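What you see is a predicted model; the values in this text were computed from it and never measured.
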Amino acid sequence: MPLLTPSRDVQRPAAAGAAAPAIELVNVSRRFVTPEGKAMTALRDFDMVVGQGEFACVVGPTGCGKSTTLNLVTGLARPSAGEVRVMGQPVGGVDPGVGFVFQTDALFPWRSVLDNVAAGPLYRGVPRKEAYEKARDWIARVHLAKFEQHYPHQLSGGMRKRVALAQTFINEPKILLMDEPFSALDVQTRTLMQDELLALWSGTGASVVFVTHDLEEAVALADKVYVLTAGPATVKTVFNVDLPRPRVMSEIRYDQHFVEVCKVIWDALREEVQIGQQRTMDSGH
């Protein structure tokens, strides 16, 4: 069984000489006003710690504030209370060391695969020759070397997602934030993309926060799974996933320990999902 920590991560100061956590959210709340003028609270008393090189997944009911968590780390949103720190420093704006992979493709439709992947280094001031050499290397790593001159509309959904991964990893992010990146893919392609992600990530040392509605995906990928309450979200429980690495997605789902871990986490998640569904029915939406 995985180790179940109390209701949220315990905030501990880093020991002298020890590396600071990659990401810390300390007693964070996030409130905003809806277009209808109503005050809403997305996060409440929210704590999270992601160590350097750690892969964390976040699961919770629909609309509970999972994506808001990522926006706070990127600096695109600011906390109403509490503090968000990246590499030990308060977040004061968009950090170039943070990469983001969205649910929908963020590719330039008028650019080829090669030009899309090279765009990041060029924007960061890398000389053109070096940028395109790096782009070709990353395109080869995601097995699209024969498609360098294709345009996004000429690629399948899985191929576009591979381009998006190359587009992100080429910038060597210290932190990688992923918001349901594979949810639009069919089951077979999704499994392949999960393996691709783990292979690319394993040699980088990057810290990952991966938001998903798919509990099996979370357990298969993560070192640690955060279960959020129905909105306003706070951390209900944190599970350390002790499945060995490297992991092969098509095989790990049949491991008995994997099944047991999923069941334990689902027992914690199910109540929150039911609360969220009941709220939806009560609101008439």
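To the nearest 0.5 Å, atoms CG (Asp115) and OH (Tyr151) are separated by 7.0 Å. For the atom pair Glu24 CD and Met87 CE, the distance stands at 11.0 Å (nearest 0.5 Å). Separation of atoms CG (Asp179) and OG1 (Thr68) is listed at 9.5 Å; rounding is to 0.5 Å. Distance check, rounded to the nearest 0.5 Å: CG of Leu221 to CE of Met249 gives 4.0 Å. To the nearest 0.5 Å, atom CD of residue Glu217 and atom CD of residue Gln194 are 4.5 Å apart. Between the NZ atom in Lys134 and the CG atom in Leu122 there is a gap of 10.5 Å [rounded to 0.5 Å].
Between the side chain of Ser207 and the main chain of Gly53, a donor-acceptor pair closer than 3.5 Å is present. Asn116 contributes a side-chain N or O that, together with a main-chain N or O of Phe108, makes up a donor-acceptor pair within less than 3.5 Å. A donor-acceptor pair under 3.5 Å is formed between the side chain of Lys66 and the backbone N or O of Gly60. One N or O on the side chain of Arg247 and one on the backbone of Ala222 form a donor-acceptor pair closer than 3.5 Å. Not one N or O on the side chain of Asn240 forms a donor-acceptor pair closer than 3.5 Å with the backbone of Lys224.
Side chains of Asp267 and Lys263 form a contact here, defined as non-hydrogen atoms less than 4.5 Å apart. The closest side-chain heavy-atom distance from Trp138 to Thr168 is not below 4.5 Å. Looking at Ile139 and Phe147, their side chains never come closer than 4.5 Å, going by heavy atoms from C-beta outward. Using a 4.5 Å heavy-atom cutoff, the side chains of Arg253 and Thr191 are in contact. Two residues are said to be in side-chain contact when any heavy atoms from C-beta on lie closer than 4.5 Å; Leu192 and Glu196 fail this criterion. Side-chain atoms of Ile170 and Pro121, non-hydrogen and from C-beta on, do get closer than 4.5 Å to each other.
In this structure, the side-chain hydrogen bond (donor to acceptor under 3.5 Å, both in side chains) partners of Thr189, at least two apart in sequence or on a different chain, are Asp186.
Here Glu271 pairs with Lys236 in a salt bridge; the nearest charged N to carboxylate O distance falls below 4.0 Å.
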Side chains of residues 98-106: which donor-acceptor partners sit under 3.5 Å, not counting sequence neighbours?
unit_1 : atom_1 : unit_2 : atom_2 : d
Gln103 : NE2    : Ser183 : OG     : 2.9
Asp105 : OD2    : Arg160 : NE     : 2.7

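Val73 and Trp201 are assigned to two separate hydrophobic clusters, defined by single-linkage of ILVMFWY side chains at heavy-atom distances under 4.5 Å. Side-chain heavy atoms closer than 4.5 Å link hydrophobic residues (I, L, V, M, F, W, Y) into clusters, and following such links, possibly through other members, connects Val117 to Leu165. By the criterion of side-chain heavy atoms lying less than 4.5 angstrom apart, applied directly or through intervening Ile, Leu, Val, Met, Phe, Trp or Tyr residues, Phe169 is grouped together with Leu114 in one hydrophobic cluster. At a threshold of 4.5 Å between side-chain heavy atoms, the hydrophobic network of Ile, Leu, Val, Met, Phe, Trp and Tyr places Val142 and Tyr132 in one connected group. When the side chains of ILVMFWY residues are joined at heavy-atom separations under 4.5 Å, either directly or via intervening members, Leu215 and Met193 end up in two distinct hydrophobic clusters.
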Go through it in stages, so that I can follow the logic: the residues are Asp45 and Thr234, the test is side-chain hydrogen bond (donor to acceptor under 3.5 Å, both in side chains), and I'd like the CA-CA distance, side-chain angles, deciding distance and then a yes or no.
CA-CA 6 Å; Asp45 303 329; Thr234 192; 6.0 Å; no
Could you walk me through whether His257 and Asp242 satisfy the side chain to side chain contact (heavy atoms under 4.5 Å, CB included) test, starting with their C-alpha distance in whole Å, then the side-chain angles of each, then the deciding distance to 0.1 Å, before giving a yes or no?
CA-CA 9 Å; His257 186 47; Asp242 59 355; 2.8 Å; yes
Are Leu228 and Met48 close enough, and set up right, to give a side chain to side chain contact (heavy atoms under 4.5 Å, CB included), and what steps lead you there?
CA-CA 11 Å; Leu228 306 191; Met48 174 183 284; 5.6 Å; no
Take Arg245 and Phe55 through the test side chain to side chain contact (heavy atoms under 4.5 Å, CB included) and record every step on the way to the result.
CA-CA 12 Å; Arg245 296 191 186 276; Phe55 199 125; 3.9 Å; yes
Stepwise, does the side chain to side chain contact (heavy atoms under 4.5 Å, CB included) test hold for Val219 with Leu243?
CA-CA 9 Å; Val219 173; Leu243 295 165; 4.0 Å; yes
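Taking each heavy atom of Thr41 and Pro232 in turn, the nearest pair found is O-CB, 3.1 Å. Between Pro61 and Glu272, the shortest heavy-atom distance links the atoms CG-O, 3.3 Å. In this structure, Pro109 and Pro152 approach most closely via the heavy-atom pair O-CD, 3.7 Å. For Gly120 against Asn171, the heavy-atom pair with the smallest separation is C-OD1, 3.5 Å. Across all non-hydrogen atoms, the minimal contact from Val163 to Leu155 is CG2-CD1, 3.9 Å. Heavy-atom minimum distance, Arg78 versus Val91: NH1-O, 4.3 Å.
Hydrophobic cluster membership of Phe32, counting Ile, Leu, Val, Met, Phe, Trp and Tyr whose side-chain heavy atoms lie under 4.5 Å apart directly or via other members: Met40.
The aromatic rings of Phe210 and Phe182 are tilted relative to each other, their planes meeting at an angle between 30° and 60°.
Applying the 6.0 Å contact sphere to CD of Glu83 captures more than 12 heavy atoms from other residues, nucleotides or ligands.
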